[in-house]
Each structure stands twice: as structure tokens, then as C-alpha cells.
Amino acid sequence: MSRTLQNGGSRTEARLLSAILIVAICLTLAPVLRLFVEGVIDQGSPSLTLMREVLSQTSTLSALKHSLVTAGLGTVVSLVFGCAFAFLVALTDLRAKAALVFCLMIPMMIPPQITALSWTQIMGPSSVLLKTLGIAPPLGSPQPLYSPQGIILLLGIQHMSIIFLTLRAGLRSIPQDVVEAARISGAKGLRTWWQVVVPLTLPSLAAGTAITFVTALGNFGIPAMLGIPAGYATLPTLVYQKLAGMGTTVLAEVSVLAMLIGAVAVSGILVQRYFQSRQKLHLVGSASRPLALPLGAARLPVEIALWGVVCVILVLPMFGLLATSLVPAYGMPLRLDTVTFSLWHEVLFRQPATARAFVNSFGLASGAALALMVICLPLAWLMERRKTRLARIFDSLLDLPYALPGVVLSIAMILLLINLPFTEATLYGTIWIIFLAYVARFFAVMFRPIQASLKQLDPAMDEAAQSVGASFRRRLRDVILPLSAPAAAAGAILVFLTAFNELTVSALLWSSGTETLGVVIFNLDDSGETGMASALAMTIVFVVMALMALIQLLSRRFPKGVVPWQT
Amino acid sequence: DSITLYTSQPNADAQKTVDAFIAANPGTEVEWVRDGTTKLMARLRAEIEAGNPQPDVLLIADTVTLEGMAQEGLLSAYKSPEAASYDAALHSPEGYYYSTKLITTGLVYNTGVETAPTSWGDLSDASIKGQIAMPSPLYSGAALIHLATLTGDASLGWGYYEGLAENDARAQGGNGGTFKAVASGEKPYGMVVDFLAIRNKAEGSPVEFVFPKEGVSYVTEPVAIMSSAKNVEGAQKFVDFLLSEDGQDLVLDMGYIPARDGMGVPEGFPAREDIKLMAFDPAEALKNAEANKAKFAELFGAE
Amino acid sequence: MADIDLSSVGKTFSGAPALQDITTRFEDGEFIALLGPSGCGKTTLLRILAGFEAPSTGRLRIGPREMANAEAGTNLPPEERNIGFVFQSYALWPHMSVRRNVSYPLEIRRFSKAEIARQTDAALASTGLADYADRMPSELSGGQRQRVALARCLVSDPCAVLLDEPLANLDVALRASMQGVFTDFHSRTGATMVYVTHDQAEAMAMADRIAVMDQGRIQQFDTPQNLYERPKNRFVAEFVGRGTVVPVQSVESGGDALQAQVLGAKVAVQSAPEKGPVSHVCLRPENLTIAETGDLRSKVTRVTYMGGKYMLETVTDCGARLFAETRARLEVGAQLGLTITLPWAFSED
Amino acid sequence: MADIDLSSVGKTFSGAPALQDITTRFEDGEFIALLGPSGCGKTTLLRILAGFEAPSTGRLRIGPREMANAEAGTNLPPEERNIGFVFQSYALWPHMSVRRNVSYPLEIRRFSKAEIARQTDAALASTGLADYADRMPSELSGGQRQRVALARCLVSDPCAVLLDEPLANLDVALRASMQGVFTDFHSRTGATMVYVTHDQAEAMAMADRIAVMDQGRIQQFDTPQNLYERPKNRFVAEFVGRGTVVPVQSVESGGDALQAQVLGAKVAVQSAPEKGPVSHVCLRPENLTIAETGDLRSKVTRVTYMGGKYMLETVTDCGARLFAETRARLEVGAQLGLTITLPWAFSED
Ligand SMILES: Nc1ncnc2c1ncn2[C@@H]1O[C@H](COP(=O)(O)OP(=O)(O)OP(=O)(O)O)[C@@H](O)[C@H]1O
Ligand SMILES: Nc1ncnc2c1ncn2[C@@H]1O[C@H](COP(=O)(O)OP(=O)(O)OP(=O)(O)O)[C@@H](O)[C@H]1O
Ligand SMILES: [Mg+2]
Ligand SMILES: [Mg+2]
């Protein structure tokens, strides 16, 4: 049976919900609120003049339009690639899934500006690759990526792993018999996909799409690298433009623009929620076997096609990055006699900040993933069972810190935390302010996939445990966590990877000793050391590869479906 | 005893500066944060807004920003004894800020092109239509100063920029991006800061830097003391050190043109006398900043 | 002590009432069966008892404690009620092996390892699942899954057990042995058992009392014999057993039984005297004897083999549809004479 | 044309055989019931027929086409077999309303809108779901869900229909009406029906032939009467009906029936002459009459109310457990005399 408990459940649960909810609100919404205050208070009194002024500028409106276009279409690109890969990897008997999944996660591992950089490197007239192949376009030919299309393409590629990971978690929960029922009714091929499989994964798909859209909306690196040269500003680059200005109302203007981005993100989320409101897909917990489709004779062609796509969209830019890191100066061709590891040596072993940054980023990323898992799992479950007013409001706003451009969030964190109330102490300048910023920022990335999978969880699973007397904590540990583990793992992986080379948030929050990898890469690139930046970016890829190998070794100890490259 | 420094010098340079200062002033520690000017200013703005600005000393890209801060009362005036050796145009009369080096913006081109430009005017030549890159004043403070300088010049003025727009010049983000576009040959002509081009050329990049015959615009990486400074004495020592001959030698060492009179130039630069500086007034530039940006955006269709 | 007291309990799902005004009492240690057509609210009632659902109206008390009160808005959570539940949909935990599914309730109760193993093995053995202990639920057949759900419920020591069609997917032999398991469990723990089933034979065989439900209300709550032999109204008479209800005319009391005109024949009928005048009788196969001399002429319309005997569906001259049993095989279309013996009469408004 | 031909079909799940060497033939238009204990492989057999599972050994032919061949590794996908299937777990599409669940197979077959509406409404009406058409599956009771699954299967026009315990969650009245629906459907479409059930009465009432399965093999495949009255071996005799199997001694042929010594009493027994010497007889309630004069003395050990009659479990002096039926209520411990009439005898190896 399948109904949510409205007013049942214990009072302790209600209290627990309020407690966790308050913590979560403090963590995520407080900085946003603080920032908002900045935008509506002018010299100590509330005023909307500035807001009106900023919102009526043509540059704001066109940036809004551009943001909607690039984030929207970029999401579509991510959807196409992410879905195709998720379906095939999660449900069929492809070979070498681990390698494929790894390649799919590469975009998440490379900071967006580096992605953009490597693409411009392989596409432009100075492309090491094209030069090496001898097919470089003549000098002065335009860079095709400096265009809205380029932004859309790269946003799409950058974020397809989000769709992939969240959707895969949902696909695992489709019981075989439901699809069999469609096939025996005569539904063939794509029809089964479209009418049965896709609707059933809708919660995860919607969650993935929402996160992707919000990520694309707040992305700064790609529109900055590709849009600024083309004179094509999106909201985040407009924010940056304001920051580069010299006026006194900078913060207030930025705050207004941030609110605009936030409003777009929240409306996106609300639209998604509206379309999903009637869905009750209690699939997780079905004792049926999970869906598995043999590809048969189609396997080889499909594999070739997938690897072809991977090659074109992932391996090539990676190669560009690698090539750049192997030549002594930017713009030189890669030949046997020009190859050198000096940049690698320099960045990895000579610069002390690199090692520190590895330690910091690893600690921050894994800490944030863990902390978020601990908060989000009970919170998502309690919110699913008790739909209080506050919970619903929080549900629509929790994406805000993620949607804001990172710089803006870090400004908000500084405003909020530079003076801790009632004390002399400050978190500013310590690693904790970065940690808190990460927790705020990546809350949605962890919460949404878990929420989607809990929406699909058959309440009878929990009820059965209740009826044998299991307390809330035990049920969470023994029943709810293992059943939503694939989604929680997807969330954790996403948080870890994004936080591991995150730049824009830590950019304003780091100080000497608390550098993050993103900051180090950016600073290298910023001071002209593109080669070293590429070498470091490649190192990150190798480190993550090693981590994945470690996970593979431990995979037997995890609940089923946690490791994304296993079915 | 310690001071906090916010600087936009590249990492290695900042380290050298601080090390040299400590060597010269034993007993004064320096906490320093290095970042791009935009980010540093964003950070500083947030700190000021929250009522707790951290730095004692700023050493950042341009005088216009500092002029603005001085007008807001965020800087404290200090008459450095070293000021005498500096051109009056290179520091604020009240002593709010002092320039430490000259970073000029000139022409750059990829060595793969057929004709080398020699003057600003050459960029308006129709034969190189669509092959020009420059930093955007919307995103870069230095570029805004460049714009203010060139449009303020009687012989160039806005007409020059109109010509550039006609020639499909592209306003890249900052100097780094512009340089890359030129070095990669994507846009073989551009305007860029001197050291970037000259240093990379020395390392083998296929570019050439030109000091145009009309003269160059410049930014000066000024130093200033916050009015909220907690260690005013240490901060003043730091300013004095930067302006001193030792401090300026350091600048030379790093490959920039020192601001102090009577110093040499780094390798690869023409003699100081041969570098013609165009006239520039920070207060004027600050006043016109918004109007200039708006006009630029309109000309270059930045949306 | 686990007597269960319901007072005017009701439940509405988005406007549609699923349960209405249930006021009744299940005694401590009783074995109660709930019987009723599909969708009449049996599962809903069990879910309210277990605490998964809060009643929309009314109050529920189990033992000395008030469990739920719609007015006060209180509802004790299920995990604090110490009630066992077997779900109609089994609700096995797909990530746990069969053994772990069964032992989990014991783990919660912090038994020792050895004790857990002993009791789990016993429960698995009694449900015939010993060979399947290490399988995952997805590798079991339907009936095996149902037995895991049973074992999981019976392994712990609840004060009341709620079973929602626990044997629906089992064959006769296994049902019989499972019924034995229930009876053992019941006599061992003395727990109050509430048992939903659609199988009347099962309900009658096991239950102390049966509640027949329809459209969210309890129609009759009585012992199996009374329910079958003395139905209170038309719904019960037709739902329990294969009863045909026909109206009676000209009722006269004669001796200890009533005399009445049924389908044109004068027969003696039984009734509950205290209930006032009767209007209908219930004719079951036992009340009908096939005899050439029978007053009631009727024609066979369908013959169904029932294992050793045939069920005849016949239509009388006046159009009533009657069921009779016979050992001999008759053809469709054959003419029969039927005699009615002592049917049960009741008043239907 | 949908006769189904299985030759030495087997299926192993990770080493354990679920189905072994099934060779049989279901004729076109036949109504077949599969009967057997939980876990004997009924669902597996249906799944192989439908094409969800490829057989590990053997071949399957439906109509003129070979559907699966383990040697050749071929297996026609389910969507090309034109077969209806009712899942034991219902397998409703949770994202579609009841109406859409039922109309979906018609949509696939590209019927016109009006036609779809008409047929869907008819199917919903015949399963009593007309009022629930706009609900989502999660808002239905267990039995209602089962009926949606039924309606979905019957709405289209398959050449064979496979039903896996389609009535397990329905009450008697509804079962009867659903059985009527099946019979109508069967006579209307002439489809071959394969029907898994654990309810023997249902199987006997509806099926032309019944296959009794055990441990992955078909034990007997015969008409209901034969199965009940002439079981082939001990398993079938005990599984079907409430049969007790006891050994016979000193069999003599006398006249058209055999004479044998059963539990110490000399009785006439029936058997299949062609099957050779008999060794056991099957005693069902119909073979036992309670009579003071009965030769077999036995004691009542359990009395179960069966609605209008009681089932007695008795133990004879020599320890055999026999089931008898009576209308009168007897007490546990009562001594009875039983007479055996014409039981079925067979040879058990
Ligand atoms: N995926 C599987 N993996 C391993 N064993 C399986 C799997 N599916 C079924 N089995 C086993 O195969 C045997 C036959 O299963 P099947 O589902 O056919 O039984 P059934 O006759 O339908 O039983 P029931 O009446 O209980 O539904 C069972 O013992 C079952 O445990
Ligand atoms: N979540 C729900 N939303 C709306 N109606 C519901 C919901 N759950 C159950 N119902 C309705 O309430 C009524 C009672 O349902 P319940 O599950 O108690 O029936 P039941 O007696 O258990 O039937 P069955 O024997 O078929 O399982 C049914 O008509 C059902 O459709
Ligand atoms: Mg039910
Ligand atoms: Mg089965």
C-alpha cells in the first residue's frame, strides 16, 4: 500500500524535522538572505530604487535572455548525451562500463574555464593538435566556439555527467515486470522507452535536469571564456562585469543581479515540481528484479558509437590539455623534440601550494560530501513524509546558493561570517568558511537526487520496519539508506567532483594556506602559466582515476548499485 | 608586529616583494593575499560592507580605483619622504596613493603576419579587418584606463574607437585572453600590456610587441594605506620601502618599468626616454568611467 | 493485554470514504477474520490499527493505551505499538537476504546472536524456507516471498498480529500447514490476531469471530456458524457461502418453527424470534435436496465440477437462480425437482 | 492457430533447476490450468511461454512458428508473440491512470480513439472498475489492482493468454464473476489460455485440462475428473483434493472391480487396468461414510467448520490420518466407524 503519512508518525519525528530543517536553513539560506538585504537596503533604509534601476537596464535584460538561452539549451544537450549514456550503461550489457563511466565523469573533474580553454585550444588556429596534424586553420580565422552555440555545446558537455549519474540511480529502480508488461502488450523498441521507462524515471530525470539547469545558469567559467570575447554576456558574466567596475554601489547591484538569477532558478524548480505533483512511483523496494536488457547483436555497433562520442567530446579536449602541458611555452607545436615534463615537475614538486591545495581540496570535498549526506538523507526522508509549510518553502528555495554565481555566494559568506555574532572570533581566513560555503552551495546537488529516489521509495518498506519496532535512526540506517544508496552515491560523487576543483566560491575565500586546487589552477592560468595549469588539471584527472580504482577494489562492501559503473 | 597586504601582483612577484621588505625591516611580518584586482576588490567591498576590512596596505592595479576609494574616505593620506623622486602625475597630491611601476599598453602582433603595425592608427586599416583583439574595458580596469587615455587624446578620441569597431575588432576579456588570441594566431593583432608580450616572446611565443608612435597608455600598480589600517606605522614603512631605490630595483628585477625617476628598464624594453607616455588624469577617468563603458558597449555591441 | 477498541473510526481518502463509523471491540487473544469484497476497506482498517494511517474520525485503543484519536489529532507511531503486520504486497526489503529479512525484527529487539540464529532458523523451517535462506527476495517465487513476509512477522513477539491476505498465493497443502503455524503461534503467544482473507473456508476454519465488511462498514460480526447459518441481512447471506436470497410470503408461526411460502412452496423456516417479522430466506445448497418429488421444478443451466461432486446452477420456473450440489453428473438443460429444508429467514429493509 | 508445443524445455537459475524436461502440448483454444505447490516452476513456465525468459534447454513452438530454441540460442521477443499476460505481481504502470493502463495495449495496436474508448469501457465494466477509471494504481486496494491487471490483459485480442494467479486476491463472489469473464473471453476469442492457480476448485471448474507440477516437472496432465478421481501417483493423489494415500495388501481381481485389503478392511477398489498392479489407494472424504457399523474404527482429532458442514480429521487404530465430512457437529475425541467405498488405486514406485 502506498500512501504518505500525513499526520501519523511520532512527535519525535516532527521535532527532528524542525531541528534538521533549521540547521539546513541556516546553512543554505542565511547567506542568500544576507545578500538580499544588501540589495534592498540603501544607506540603512529599505529602498527599491536600485533594484528597479538595475532590472531596467538593457544589459540586464539581454543577459537574462542569454542566460536562459544558454542554460536552457545547454541542459538539452546534457540531457541528450546524459540520457543516452545512462540508459545504455545502467540497463544493458555493454562491456568496459567502468572505463566508459570514468570518461563520462571527466568533464566534472575539470574546472569549466579549463574545459573551455582546452576546447579553444583544439579548435583554434593555434591548436597543438591541429598543428601537429597539419590541418590548423589559417591565422586570423575566427574561433567557432566564441559564440552562443559554443557556450551551449560546452555547457552541455560539462554537465552531462550530472544527468548521467542522477538518472542512472533512478533507472536501477525500474522493476523488470513493468517493462515486460509493456512488451507483452506489443510495445516495441523506442515506444517502451518513451512511454514506460522514461516516465518511470521521471523523478530522477527531473531532479537531474533541475540541477543541470541551475548549474548551467550559475556557470561562470564557460560563458566567461567563450562569451566575453563574443560580446555575449550572461548573468554571471554581467555580475563579474559589475564587480570589475569601480563604483560604490557594486555590491548592491550584484545582489540585485544575484536575486534575478535566483528567481530564474526557483521558477525552474517550481515548474518541475508542478509537472511532477501527481506522480507516485513507488518502485524502489519492489522485489522484482531490476531491469536488464541484453543488446545482442547490436552490442558492438552501440559500443563503437558510444566510444566515438566519448572520443570526440572528451578525449580530444583532454588531449589538448595534455599537449599544452607537455610543451615548454604556450603556442609551440607538440613534437618529439619539444616534449618536456618540466612544467609537471615545476607545478607538482616545486610549488608548495600545490600539495597544500590537494590536501585542502580533498578534505573540503570529501568533508562536504559526507556532511551533506548526513544532513540530506534524514531531511529528505522526513520532508517526504511530513509536508509541513516550512518544509515546502525550503524545498523550493534550497537551490538558491547553488544557482548564484560562486563569487556572489562567497561575497555573501564574507558578509555573513566575517564577524561571528556575539564573539570576537571570525571564520574568515580559515578553511571553515570555505567548508561552510561548500555545504551551502552543494546542498542541492546532494539533496535533489536523494529526494528523487525517496519519492520512488515504496512507503511499505519503511512501514514494514516500523511494524517490527525499528526506531527512526535504525530505519534510516538499515532500510532507507541502503535503498536510496545509488542516488546518495550519485549525489556524493557529484559533490565530491565539483567541490574538488571548485574555483569561483573559494576564489574570494581562500587565503594563504587554504588554497584550493581551483584557485591554484586559476592563479597559474591567470599569471600566464597555462602549461602548468594544464598539468595540474591533468593531475587531478589522474588522482580521481586512482580514487575510482580504490572504489572499485572496495566495491563489494557497498550496497548494490552504489558504484556507478556497475549494474 | 605585522601588516596585511592585498596585492594583485603575480604570485612570485608578490613573494619577492614581501621577502625583500621583511629583509629590510626585520621584525615586521607581512600577511598577504594575492588575487586579481576584480576579485580583491570584491572581497574588500564585502569586508567593508560587513564593517571589518582586513588589509592595511593595498598594492593593486590602477589609480582610478584608488582615487574612488580616496574620495569615499577609505584611504589614509601619507606623505612619503620618497615622493620627491617621483613625477607628480604618478601619485595623488594628498598622498593617498603612490604609483610603483609603469605597465604600458601597446601593440602586439603574431610573427606570422605579413605587415607589422607601428601606430595605433594601423589597427584601423581595412586590410586586417576582423583580425584584432583587445581587452574589454567592461571587464578590465587596465583596459578602462587605456580607453580613457586613448579617447582623451586629441588626435585619436572616440573616432579612433569607432574605426576599430568598424574593423570588427573584438574586445576580449582581459589582457591574458587577448594575448592568447594573438599568440595563438586566432586574432593576430592586438593591444596588450607590455610585459606579457615581452616576457613570452623571450620564452619563445611567436609574438612581437610594439610601442606605437603616438605613445602608450599606462597603469601604475599604486600602493595605498587603508584608513582602517590597524598597523599604520608598519604600513608606512611598507610604502616607503616600495618607493625606495631598493624597492624599485626589485620592480626592475621583475621585468617592469620602475615608476621612480632615474631607474633603468628591463631587458627587451626600449630606453625609458623613448617610451612616450600619453596624458592621463585618474579623477577625470573615474568621473567618466560609467559613460565610457556605456559608450564602448554601444560601439562594440557588447550585449 | 491487547484488546482492541474502536469507536466510530472512519477514514476518507481525498473525499471518498474508505471506512465509516467502525465501532467494535476485539478481545484480548481473539482470532478475528475480516471478510469482505475487494475494496471494502479491510486493508485500510488494518493500517489504522497498525498506525500507518491516522483515522479521519473516531478513536482507537489497544490494551490500556489510546493509540489514535482523530479529534485530538494524536496517533502513536507504529514502531511504538508492538504490532506485527503482514503486508498484502509482502513489503520485503529487497536489499536483504531472506535470512536477514526474517532476523531483522530480532536484531531490533537486541537478542543475542545465538538466539537470533535459533529463532530465525525455526521461523524459516516452519515456513518451509530453510533452503532459501541465502537468496535475495528477487530470486524467489511469489509464494516463497509471501512466506518470507509471514516468517518475518511471526518471528518476533508482538501483542497483536495483523495479517493482510497472508496466504493468498499459496497452494492448499501449504495453506493448511501455514494455518497450523498460525494456530500454534496464536496459542503460544496469546496475541490478538486480525486476519484479512478472501477465502471464507479459511476464515471459518481458523477464526473465533468473523467481521464481514462492505463499503467501509461492518455488516455482521459473529462466530463462523452464526454467520453462515444465521446471516443478519441480505448482503451477508449472499456473500457468505453460495446463498440465494428470495422473498417469503404469508409467514405463519407453527410450533417452534415458522411456516412460510417460499417460491410458491410451503416450507418450515428458522429465524431469530427477537428480530421481529421476517421478509426473506437464504437458500444454500444444503437447504436444497434433489428429489423427483420436489415441489420446486427447475432447470439446470450450468454444471461445474468441484472435485468429487458437481455444483448445479438451476433456474426455477419463477426465475429464481438456485445452487444445488450433487455427486452425479447431470447435463445442462435437465429438469429437476428440488425440496427446500429449513432455510434461514431474516428481515431485510 | 495457437497450439503450444514444448519439447524437453528446462530452465536453470544460477545452477538450480527451476524447470526440467517439460515436453507437452497445449491444443489450440484449450483452457489449461497449472497447479502445483509454491515454487514448483509455474511462473517460470509461463515466463518462458511469453518470451521473458529464454529456456536453458529444449524448444518451444507456438502455432506454426518456433519461438525459442535453446540449442540455436534463438528467442523471439515477447512483443512479437501476440500473447496476453497477467503478472502475479500485477506489474501495473504506476504512472498511468487505471483507464490508461487498460487502454494502452489498444493504443499500441493503433485502434481508433472511439474504438479504444469503447473497448476500454467494456473491460473496465466487466471487471467492476468503472468507478475507478481515473484513479492512479497507488490509490487502489489490492484486489482492485489485480482486476486492472486482468482488464489490461483481456482488452486486446491475443492468440494465447497466460494468467499467473489472476484471482488470488479476490473474494468468492468476485472470483465467480471473473471466472465468468474468462469463460466469455475464451469462447469469444478462442484463445489458448494457460492459467496458474493455487485454487483447485477454480482449476477444476474452469479448465479443460490441468497440469499438476512438482519440482519443475509435470506430474500429471489430465482432465479435472481424471485428476481427481484417477490420480496417477502419490503426489497428485495427495495434492489434489484432501486425499490420504494408504498402501493396499492382497489385491484380487473380482468382477469388474478389484478387491483389496485397505487398512485391514476388505474393499472394492477401482484402477486403471492397463497400468499394471496397484500398490496404494487414495482415500478422499467422498470415499468415506460415517456409519456406526463401519469396519474402520477411528477417533476424531480435529473438527473444522466449513460452512454448513464440518471437516473431521480422524486417526484410525492403525495410525492412518483420514478426512471425512459431516453435517452434524462432532466433538474432538469421539469414536467413529467409517466405511470405505470404491477408492482409486494406483501403483506407486
Ligand atoms: N531469478 C531467480 N533466481 C534464482 N531462483 C529463482 C529465480 N526465480 C525463480 N527462482 C526459483 O525457481 C523456482 C520456481 O519459481 P517459480 O516462480 O516458477 O515458482 P511458482 O511455481 O510460480 O511458485 P509460486 O506459486 O510460489 O508463485 C523457485 O524455487 C524459485 O525460488
Ligand atoms: N491512497 C488512496 N487514495 C484513494 N483511495 C484509496 C486509497 N487507498 C485505498 N483507497 C480506496 O479505499 C477503498 C478501501 O481500500 P482497501 O485497500 O482498504 O480495500 P481492501 O478491503 O483491502 O480491498 P482488497 O481486498 O481488494 O485488498 C478502496 O475502494 C480503495 O480504492
Ligand atoms: Mg487489501
Ligand atoms: Mg509464481
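Every chain is numbered from 1, with letters handed out A, B, ... down the list of sequences. Treat the numbers as computed from the prediction; the structure is a model and nothing was measured.
Chosen from Glu107(D), Arg47(D), Glu80(D), the residue pairing most often with chain A at heavy-atom distances under 4.5 Å is Arg47(D). Ranked by heavy-atom pairs under 4.5 Å with chain A, the first of Trp93(D), Tyr104(D), Phe87(D) is Trp93(D).
Atom CZ of Arg25(D) has more than 12 heavy atoms from other residues, nucleotides or ligands within 6.0 Å.
When heavy atoms are compared at a cutoff of 4.5 Å, Leu162(D) does not approach chain A at all. Of the two parts of Pro158(D), neither the backbone nor the side chain holds a non-hydrogen atom closer than 4.5 Å to a non-hydrogen atom of chain A.
Counting only residues at least two apart or on different chains, the side-chain hydrogen bond (donor to acceptor under 3.5 Å, both in side chains) pairs with a member in residues 292-303 of chain A are Arg95(A)-Glu303(A).
In summary, the side chains of Asp177(A) and Ser89(D) do present a donor paired with an acceptor at a separation below 3.5 Å, with no hydrogens or angles considered. Of the N and O atoms on the side chains of Thr197(D) and Glu202(D), at least one donor lies less than 3.5 Å from an acceptor on the other residue. No side-chain N or O of Asn75(D) forms a donor-acceptor pair with one of Glu53(D) less than 3.5 Å apart.
Residues of residues 10-18 of chain D placed with any heavy atom under 4.5 Å of a heavy atom in chain A are listed by number as Phe13(D).
Considering only residues two or more places apart in sequence or on other chains, Tyr195(D) meets the ring pair (Phe, Tyr, Trp, His ring centres under 6.0 Å) condition with Phe31(D), Phe182(D). Every side chain to side chain donor-acceptor pair (under 3.5 Å) that Glu115(D) has, sequence neighbours left out, goes to Arg118(D), Gln119(D).
In this structure, Phe85(A) has its ring center at least 6.0 angstrom away from the ring center of Phe87(A).
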